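First up is the structure itself, then whatever we jot down about it.
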Amino acid sequence: MAEPESRLSRPIQPMPPAVEQALEEQGLIAAYRARPPYQRNDYLGWINRARRPETKERRLQQMLSELERGDVYMKMDWRPGRADVDGD
């Protein structure tokens, strides 16, 4: 899945195939894409930085759960705002 260009100042994290597969299997790819670029990048960086497979899986499951709920980001309450929707 090609990511559109971003205005993030930190490095863009690659999408691991296992994460993309999990998003597709759970039907959450649209919810993932609807999140602002900084959130998508933060989730991927957080998952990619895990050293142990168990930690990667736990983090992946947390991301999937939060995307499914739609109102949580990294265990914090979150609501999409105008800036998030517009990509500003």
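Everything quoted here is computed from the prediction, not taken from an experiment.
With contacts defined as side-chain heavy-atom distances shorter than 4.5 Å, the pair Met15/Leu23 qualifies. Side-chain atoms of Pro80 and Tyr73, non-hydrogen and from C-beta on, never get closer than 4.5 Å to each other. Using a 4.5 Å heavy-atom cutoff, the side chains of Val72 and Met76 are not in contact. No side-chain heavy atom of Tyr32 sits under 4.5 Å from any side-chain heavy atom of Gln39. Here the side chains of Lys75 and Gln62 are in contact, with some heavy-atom distance below 4.5 Å.
For the side chain to side chain contact (heavy atoms under 4.5 Å, CB included) test, residues two or more places apart in sequence or in another chain that qualify with Gln26 are Leu28, Leu64. Under the side chain to side chain contact (heavy atoms under 4.5 Å, CB included) criterion, Pro16 pairs with Val19, Leu44, Asn48, sequence neighbours left out. For Glu54, the salt bridge (Lys or Arg N to Asp or Glu O under 4.0 Å) test picks out Arg52, with sequence neighbours left out. Shown here are the side chain to side chain contact (heavy atoms under 4.5 Å, CB included) partners of Ser65, two or more places apart in sequence or in another chain: there are none. The side chain to side chain donor-acceptor pair (under 3.5 Å) search around Arg51 returns none, not counting sequence neighbours. Applying the side chain to side chain contact (heavy atoms under 4.5 Å, CB included) criterion to Arg49, with sequence neighbours excluded, gives Trp46, Arg59. Under the side chain to side chain donor-acceptor pair (under 3.5 Å) criterion, Glu57 pairs with Gln61, sequence neighbours left out. Among residues two or more places apart in sequence or in another chain, the side chain to side chain donor-acceptor pair (under 3.5 Å) test is passed with Asp71 by Arg69.
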Checking side chain to side chain donor-acceptor pair (under 3.5 Å) for the pair Tyr43/Glu66: CA distance, chi angles, key distance, verdict? CA-CA 11 Å; Tyr43 274 132; Glu66 291 179 359; 2.4 Å; yes

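Taking 4.0 Å as the cut-off between side-chain N and carboxylate O, Asp42 and Arg10 count as a salt-bridged pair.
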